[in-house]
Amino acid sequence: AKGTGGNACKVYETTMDDKAYELYMLRGEFRKALEQQQFELHYQPKISLTTGRITGMEALARWRHPEKGNISPAVFIPLAEESGFIQELGNWVIQTACRQVKEWRETEGGEIKVAVNVSVKQFIKQDVAAFVKATLEEMELPPDCLEIEITESVLSSHESVIQQAVNNLQKLGIKVLIDDFGTGYASMTYLKQFRADAIKIDQSFIRHLPNNQDDAAIVSALITLAQALDICIVAEGVETKAQLDFLREKKCCEVQGYYFSKPLPAAQMSKLLNRQFSF
Ligand code: C2E
Ligand code: CA
Ligand code: CA
Ligand code: CA
């Protein structure tokens, strides 16, 4: 190929080198950012629709870049996955969330849990269950203080690796949730295959409730399905009273969204922990 398509080949190689270099630089930047504590976790409550109480918090990563300002996780998580940094970042997220839930359990008491998002790429790179086990042991935390959310749309790759990891996590007593449920290509298959402890309905199905009849039908069917399977179902992206009323009437298990609280730094969230919402 070198002889005939020399030029095309050269361009291709240069692009690859640039790309590799860019990823190399980015990795350096990520590591520096982690060391300089530019990453932070914010927490968003999940509320039980039966008790009005906060059952847990979802940890969401934030990057406060000194020059570029706040970078959204929707941007830096894919970059971290691509550059191979996701393992380091993901482990930092697990450790930081565990440290926080320990503090909350000690100061506020109760059964508060923290849910962390774990990238499929992280499952492929390492034994997540072993890391979680070691972290819990080191911090002397029970398994019911941590939950793992895995996004459905990417479950299709490396199914067997993830299946194994999910089994191991569940054996430790850690709950595993399928996130963004309904956005993948094989939701029902995953539900059966992974035996998740809970599912989170993607906010795209919640946004146009209760007026959009299709979404209303899909969401009520999903709630019925979860009830039949005896698993919890969480609706995310709840922003209005009308959405909340619909979900309550359909007997959804838990809700999450700006209607209750935006994701907030731990210190601000501490004040909310023992609050009871009345609907
Ligand atoms: P996600 O796990 O589906 O998280 C829900 C997203 O919806 C969050 O965006 C949250 O701030 C936002 N949200 C919550 N309530 C509402 C609402 O009522 N209305 C609207 N419009 N949005 C709401 P965020 O924090 O920007 O995170 C985006 C995605 O980045 C997350 O989606 C998750 O997939 C990923 N992510 C965030 N933190 C981490 C992390 O630590 N590790 C990994 N692997 N992924 C993360
Ligand atoms: Ca999530
Ligand atoms: Ca989600
Ligand atoms: Ca999402």
Side-chain angles (χ1 to χ4, degrees), residues 30 33-34 38-47 54 56-64 69-100 113-126 128 131-132 146-155 162 165 175-184 187 190 196-209 219 222 232-244 247 254-266 269:
F30 272 132
L34 199 54
Q38 292 170 19
F39 289 106
E40 192 182 309
L41 291 183
H42 282 193
Y43 297 89
Q44 188 180 38
K46 295 183 191 178
I47 293 110
I54 293 173
M57 295 284 177
E58 177 176 6
L60 293 153
R62 299 288 178 258
W63 185 0
R64 287 179 306 170
N70 293 337
I71 304 175
S72 162
V75 173
F76 70 78
I77 294 292
L79 285 176
E81 288 176 342
E82 216 184 323
S83 69
F85 183 69
I86 193 66
Q87 185 179 343
E88 240 169 292
L89 181 63
N91 287 347
W92 174 84
V93 169
I94 292 169
Q95 284 171 327
T96 307
C98 283
R99 213 170 287 131
Q100 188 58 57
K113 297 170 287 183
V114 171
V116 296
N117 295 282
V118 177
S119 159
V120 161
K121 291 263 163 63
Q122 194 180 343
F123 280 109
I124 295 158
K125 287 202 141 217
Q126 79 178 134
V128 173
F131 181 80
V132 164
L146 189 69
E147 292 180 338
I148 304 287
E149 298 192 3
I150 312 174
T151 297
E152 191 207 71
S153 56
V154 284
L155 278 180
I162 295 155
K175 293 212 160 84
V176 178
L177 285 71
I178 300 184
D179 202 353
D180 302 340
F181 191 79
T183 58
S187 306
Y190 299 140
D197 298 288
I199 54 177
K200 297 186 78 174
I201 319 175
D202 190 62
Q203 48 182 274
S204 58
F205 296 107
I206 306 300
R207 195 166 300 136
H208 306 290
L209 289 183
V219 170
L222 287 179
C232 180
I233 181 159
V234 188
E236 57 179 14
V238 177
E239 294 182 352
T240 68
K241 179 77 164 67
Q243 290 167 344
L244 171 65
L247 293 161
E254 291 180 6
V255 284
Q256 202 182 350
Y258 295 168
Y259 182 76
F260 302 97
S261 171
K262 291 203 168 191
L264 293 172
M269 206 37 88

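Whatever order the structure lists ligands and atoms in, that order sets their numbers, starting from 1. The basis for the numbers below is simple: all heavy atoms, side chains too, and nothing from hydrogens, waters or symmetry mates.
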Enquirer: Less than 3.5 Å between some nitrogen or oxygen of E149 and one of ligand 1, yes or no?
Expert: no
Enquirer: Between T151 and ligand 1, does any nitrogen or oxygen pair lie at a separation below 3.5 Å?
Expert: no
Enquirer: Can you sort out which atoms of ligand 1 are near V93, meaning under 4.0 Å from one of its heavy atoms?
Expert: 41 (O)
Enquirer: Only heavy atoms of G257, strictly under 4.0 Å: list the atoms of ligand 1 that pass.
Expert: 15 (N), 18 (O)
Enquirer: As an exercise, identify every atom of ligand 1 less than 4.0 angstrom from a heavy atom of Q44.
Expert: 14 (C), 15 (N)
Enquirer: Any nitrogen or oxygen of R62, main chain or side chain, under 3.5 Å from a nitrogen or oxygen of ligand 1?
Expert: yes
Enquirer: To the nearest 10°, how many degrees is the angle E149 OE1 to the Ca ion (ligand 2) to D179 OD2?
Expert: 90°
Enquirer: Examine ligand 1 and decide if any of its atoms is less than 4.0 Å from a heavy atom belonging to G90.
Expert: no
Enquirer: With heavy atoms only and a cut-off of under 4.0 Å, state how Q256 meets ligand 1: side chain, backbone, both or neither.
Expert: neither
Enquirer: For ligand 1, is any non-hydrogen atom under 4.0 Å from P263's backbone (N, CA, C, O), its side chain (CB onward), both, or neither?
Expert: side chain
Enquirer: A61 versus ligand 1: do any nitrogen or oxygen atoms come within less than 3.5 Å of each other?
Expert: yes
Enquirer: Under a 3.5 Å threshold, yes or no: a donor from one side chain and an acceptor from the other, between Q44 and H42?
Expert: no
Enquirer: Have a look at ligand 1 and work out which part of K200, if any, has a heavy atom under 4.0 Å from it: side chain, backbone, both or neither.
Expert: neither
Enquirer: With heavy atoms under 4.0 Å as the rule, classify the contact between N117 and ligand 1 as side chain, backbone, both or neither.
Expert: both
Enquirer: Would you say V120 and T151 make side-chain contact, with heavy atoms under 4.5 Å?
Expert: no
Enquirer: How about NZ on K113, more than 12 heavy atoms from neighbouring residues, nucleotides or ligands closer than 6.0 Å, or not?
Expert: yes
Enquirer: With a 4.5 Å limit on heavy-atom distance, are the side chains of L177 and I150 in contact?
Expert: no
Enquirer: Does the side chain of I77 reach to within under 4.5 Å of the side chain of W63, using non-hydrogen atoms?
Expert: no
Enquirer: Hey, which atoms in ligand 1 end up nearer than 4.0 Å to a heavy atom of D180?
Expert: 3 (O)
Enquirer: Report the angle formed at the Ca ion (ligand 2) by atom OD1 of N117 and atom OE2 of E58, rounding to the nearest 10°.
Expert: 90°
Enquirer: Looking at non-hydrogen atoms alone, which of T183, V75, D179 comes nearest to atom 1 (P) of ligand 1?
Expert: D179
Enquirer: Does even one non-hydrogen atom of E58 get within less than 4.0 Å of ligand 1?
Expert: yes
Enquirer: Please check if the side chain of D197 supplies one atom and the backbone of V176 the other of a donor-acceptor pair under 3.5 Å.
Expert: yes
Enquirer: Number the atoms of ligand 1 from 1 as they appear, then name those within less than 4.0 Å of a heavy atom of E239, with their elements.
Expert: 17 (C), 18 (O), 19 (N), 20 (C), 21 (N)
Enquirer: Looking at E149 and K46, does any basic side-chain N land under 4.0 Å from a carboxylate oxygen?
Expert: yes
Enquirer: Please report, to 10°, the angle around the Ca ion (ligand 3) from atom OE2 (E236) across to atom OD1 (D180).
Expert: 100°
Enquirer: Angle between ring planes, F30 versus F85, binned at 30° and 60°: parallel, tilted or perpendicular?
Expert: parallel
Enquirer: Find all atoms of ligand 1 within a distance of less than 4.0 Å from any non-hydrogen atom belonging to E236, and give their numbers and elements.
Expert: 3 (O)
